[in-house]
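Report on the structure given below.
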Amino acid sequence: MTPRYEPNEIEQKWQRVWEDERAFNVPNPVAGEPTAENHWYQLEMLPYPSAPSIHMGHVLNYTMGDVQTHVRRRSGWHVVRPMGWDAFGLPAENAAIREGRHPRVTIEANIDRMRAQMKRLGWAIDWEREVAAHQPSFYRWTQWLFQQFVAHDLCYRKEGPVNWCPNDQTVIANEYVVDGHCERCGAEVELRNMTQWFMRTTAYADELLEYPGGDWPEKTKAIQRNWIGRSEGAEILFEVAETGDDIAVFTTRPDTLHGATFFVLAPEHPFVDSHASDEAKEYARHAGARPVEERAAETEKTGVFSGLHAINPVNGEKLPIWVADYVLMDYGTGAIMAVPAHDERDGQFAETFGLPVVPVIDEDAKLVNSGRFDGLPAEEGKRAIVAALEAEGRGKATVNYRLRDWSVSRQRYWGCPIPFIHCEKCGVVPVPEDQLPVILPDIEDYAPKGKPPLAQNEEYMNVECPQCGGPAQRDPDTMDTFVDSSWYFLRYIDSHNDEAPFDRFVVDYWLPVSQYIGGIDHSTGHLLYSRFFVKAMNDWGMVGFREPFARVFHQGWVTLGGTKMSKTKGNVEGPDELVDRYGADAVRLCILFLGPADQDMEWTPSGVEGIVRFLRRLWRLVHEVAAGAPESGAAGPLTRKANETIARVTDDILRRFQFHTPISAVMELVNEISAAPDAPDARFAAETAVSLIQPYAPHIAEELWGVLGHERLWEAPWPEADSAQLVRDTFELVVQVNGKVRDRFEVDASLSEDELVARARESERVRAHLDGGEPRKTVVVPRRLVNFVV
RNA sequence: GCCGAAGUGGCGGAACUGGCAGACGCGCCGGACUCAAAAUCCGGUGGCCUUCGGGCCGUGUGGGUUCGAUUCCCACCUUCGGCACCA
């Protein structure tokens, strides 16, 4: 009598066994001892515990990683697969303010709940490596690393305009400004001048465009390329006629230099404030205060003549200098030479203000009106003009980037404290290493009030200067949470180390991450910053590799009602009720069966029914086969089907990174066994089905493995297809006439091409379409088809 | 505007290297079991026509290459995503 399939019972049972056995904990290699060569670091982006539940997007992400983990493990790889928490950050702080609880209390309760949910889904995670960004044992090293960046001149303080969200009362990074509004709260972003810490990401701009040894999606690379925005051009010096000062411009079109008819400064350009007319200064004050997005939205260009002129270094012409807000201070040099004939924006400006237009490139892309450069093709003209300028010290070829340095200061409470002290005498002084971490103090009032919450806490702020012992103040800001996530994957590898952030030997063993799975929305933030971190650490000798992630995969969004599931949209569907009703195995299978993992997919709980039906059928069938089928028997059709399924499933998961088709393949196998449960090879086929479904549904697979008389499927070798069994001795020959299928029948695989054609011509149906005539041409595809052309 | 991805049954999707379009699942229809229903099991299920043998059409649209195109090429349409006054 087959017992009932009770998912919750068997799932709890096996989860306990795996925990007791430490089945998915993996030791680090030890220096001096032999190490396994085939190691695999399976990583999915760490969750952000600002809500008390994981959602179906997490279930998709981590189940994919889990399938990889199981298949790799059972294929003989050493697999490390850790988990942790991106515990600092604004949403948690805002939620805490709303609920009147300390962010730590909220976050830790959320982490406990999410961890319990993860364990209930049975994911093969090495929980002994768990880290959370808000724990002092972690952020001690975040601070230590921050100081290293400063020491290596890759992190610095600068005053400059920053995006300020008046609602969240903090600076926000460029990537969180969407159409001039704060991505998180929607408030209109203002520009403010503040002194901030910046990571010098631009120092690696060129290198970030390359992916040595990396297998990254083209799409992601394109997004990063776009973000970095490398453009080759020239810097050219223009002398101001009235003052004798030189002002540099950046241009990608030095070939059009003779067509420059005016000159434009950004409103924020320092020369405006020092030398321009009062009217121009007045314009600059208004224009400069407005966000770029707002300026760009205007249809008409605005600007004011400054009263000054610039001398074109190539022909001595005097160009009026205008101040206009279509020129941006933080790209290039904040000044341009305007060539209205060949630049759309300059053209619009010239039209608005009646400025002359001089074409200098003809239809054949050759230079005209350009003095001695006339007749040169534009590309050659670029080089020739830059060379001429260079000879006179008036210009040089340069490369410019859209990428800005990464602003990392946040005027908020719930983040990693910045380990620096401001002393009037000594300046900005690092907190001595033996005093790290600078503990984030518990404070009563962390609501933003225009100045950082920590700044209001005198006990925290007032310290002795570590250098002179005089009175000094802590830095009141905290770090952007992308700093935490830029190195957490290194800490996982050595999370209990209290001597260093990590040991280089073990990190060099496991990294780069073999497979990183996460959302494509992190392409310009987290992924770029992590690459920057690793390149810098490699330069300092902390790690022996230069890229953190060898392979990257982006899962699609799980949508509900057509919109992407996320906390901010409020359409989060958690797994709890589904796991209660159907079990973790069903939920895991269901989310992966939804469709290709790299495409968006609409969450439809109705699909669960089909999966549950499949699991019950598998359950019944295995019990039936275990009770009735012979221990081992002659190979038959099921043997071949089982081997074909092994080949398909393995290839789909390991090579194609495709997770929904293997489920179909195992379903097919189970359907075939169901049709012949008494076959001599039914037991082998059933064992294969159970073994292949284990990465998806490890609990039921483990239970059924026991029913079939075996033990410890989680560490059983991954099945290998027997190539001898894959060879078919017959195949279905397709016969076409003029490319249309007219007949199909089984033939012996050993038949020659001539014999195949002969057999094809015997077919009544084919003859009917040949009309008794001779085919003009006959195409034979071995082991597939014969096509007659008439 | 620039860059990228994608368009296949009622639905999610499969078809990996140019060779049987629609695997697998959902839904729906019919049948078995049942007093009845649920569950389960069996069968059917792209459209149109049919003398029930089969025939024709069909992978966003229009062309092309090929014996043969969902797959390759050209043009276009639609949807989604990224970037965008970046000189």
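Letters A, B, ... are given to chains in the order of the sequence lines, protein chains preceding strands, and every chain is numbered from 1.
Pair check for B:U65 finds none; no Watson-Crick or G-U wobble contact set falls under 3.5 Å. B:C20 is unpaired under the criterion used here, namely a Watson-Crick or G-U wobble arrangement in which both key atom distances are under 3.5 Å. Base pairing of B:U70: no nucleotide in any strand meets the Watson-Crick or G-U wobble criterion (both distances under 3.5 Å). Shown here, B:C85 forms no base pair; nothing in the strands shown gives a Watson-Crick or G-U wobble contact with both key distances under 3.5 Å. Across every strand in view, B:C48 sits in a pair with B:G55 that passes the Watson-Crick or G-U test at under 3.5 angstrom. When both pairing distances are held under 3.5 Å, B:C41 makes a Watson-Crick or G-U pair with B:G31. B:A5: Watson-Crick or G-U partner is B:U79, with both key distances under 3.5 Å.
Here, B:G22 and B:G44 have their P atoms 14 Å apart, quoted to the whole Å. Using P as the reference atom, B:C85 and B:U79 are 24 Å apart when rounded to the nearest Å. For the C1' atom pair drawn from B:U59 and B:G18, the interatomic distance equals 15 Å after rounding to whole Å. Comparing the same atom, P, in B:A23 and in B:G43 gives a spacing of 15 Å after rounding to whole Å. Nucleotides B:G27 and B:A36 are separated by 24 Å at their C1' atoms, to the nearest Å. Taking atom P in both B:G13 and B:G9, the straight-line distance is 11 Å, to the nearest Å. Taking atom P on both nucleotides, B:A37 is separated from B:G31 by 11 Å, rounded to a whole Å. Annotation: B:C11 and B:C16 have their P atoms spaced 23 Å apart (nearest Å).
The residue A:R655 sits close to a base: some heavy atom pair falls under 4.0 Å. Within 4.0 Å of A:R784, counting heavy atoms only, lie sugar-phosphate atoms of the nucleic acid but no base atom. At a threshold of 4.0 angstrom between heavy atoms, the contacts of A:R613 are confined to the sugar-phosphate backbone, with no base atom among them. Using a 4.0 Å heavy-atom criterion, one finds that A:V327 contacts the bases of the nucleic acid, with or without backbone contacts as well. Using a 4.0 Å heavy-atom criterion, one finds that A:G610 contacts the sugar-phosphate atoms exclusively. Contacts of A:Q658 with the nucleic acid, taken as non-hydrogen atoms under 4.0 Å apart, involve only primed sugar atoms and P, OP1 or OP2.
Taking atom CZ of residue A:R656 and atom P of nucleotide B:A14, one finds them 9 Å apart after rounding to whole Å. For A:W603 and B:G25, the CH2 to C1' distance is 14 Å, given to the nearest whole Å. A:K740 has its NZ atom 10 Å from the P atom of B:G55, to the nearest Å. Distance, A:W557 CH2 to B:A6 P: 19 Å, rounded to whole Å. If you measure from atom CD of A:E624 to atom C1' of B:C41, you get 12 Å, rounded to the nearest angstrom. Whole-Å rounding puts the A:I520 CD1 to B:A6 P distance at 12 Å. Computed from coordinates, the A:I228 CD1 to B:C3 P distance equals 19 Å when rounded to whole Å. Regarding A:H660, its NE2 atom lies at a distance of 12 Å from the P atom of B:C16, rounded to whole Å.
For the side chain to side chain contact (heavy atoms under 4.5 Å, CB included) with A:V240, the lone residue among A:D246, A:I311, A:I247 that qualifies is A:I247.
Within the structure, every side-chain polar atom (N or O) of A:K219 is placed at least 4.0 Å from both OP1 and OP2 of B:A5. Taking side-chain N and O atoms only, A:R742 has a distance below 4.0 Å to OP1 or OP2 of B:G55. At B:A84, one or more side-chain N or O atoms of A:R402 fall inside 4.0 Å of OP1 or OP2 (strictly under the cut-off).
The minimum heavy-atom distance between A:A338 and A:Y326, with the atom names listed, is CB-OH, 4.4 Å.
Considering only side-chain atoms of A:P596, the nucleotide from B:G13, B:C20, B:G25 that sits closest is B:G13. For A:Y326, counting side-chain heavy atoms from C-beta on, the closest listed nucleotide (B:C85, B:G82, B:A23) is B:C85. In the set B:A23, B:C67, B:G19, B:G19 carries the atom at the smallest distance from any side-chain atom of A:V781. Of the listed nucleotides (B:C20, B:A87, B:G25), B:A87 has the atom at the smallest distance from the side chain of A:D343.
The cationic group of A:R402 lies under 6.0 Å from the six-membered ring centre of A:W227 and within 45° of the ring axis, placing it in a cation-pi geometry. Both the sub-6.0 Å distance and the 45° axial angle are not jointly satisfied by A:K301 relative to the ring of A:F349.
Counting only distance, with no hydrogens or angles, the side chain of A:T333 and the backbone of A:A248 share a donor-acceptor pair below 3.5 Å.
No hydrogens or angles were tested; on distance alone, nothing pairs the side chain of A:N226 with the base of B:C83 as donor and acceptor under 3.5 Å. For A:E218 against B:G4, no side-chain N or O and base N or O form a donor-acceptor pair under 3.5 Å.
For the pair A:Y696 and A:D585, the minimum side-chain heavy-atom distance is 4.5 Å or more.
At a threshold of 4.0 Å, the pair A:R404-A:D330 counts as salt-bridged, since one of the basic side-chain nitrogens sits closer than that to a carboxylate oxygen.
Taking the O4'-C1'-N9-C4 or O4'-C1'-N1-C2 dihedral as appropriate, B:G44 has a value more than 90° from 0 and is therefore anti.
Nearest-nucleotide assignment on RNA chain B puts the 5′-proximal partner with A:R744, out of A:R744 and A:G739.
For A:W406 and A:Y529, the distance between ring centers is under 6.0 angstrom.
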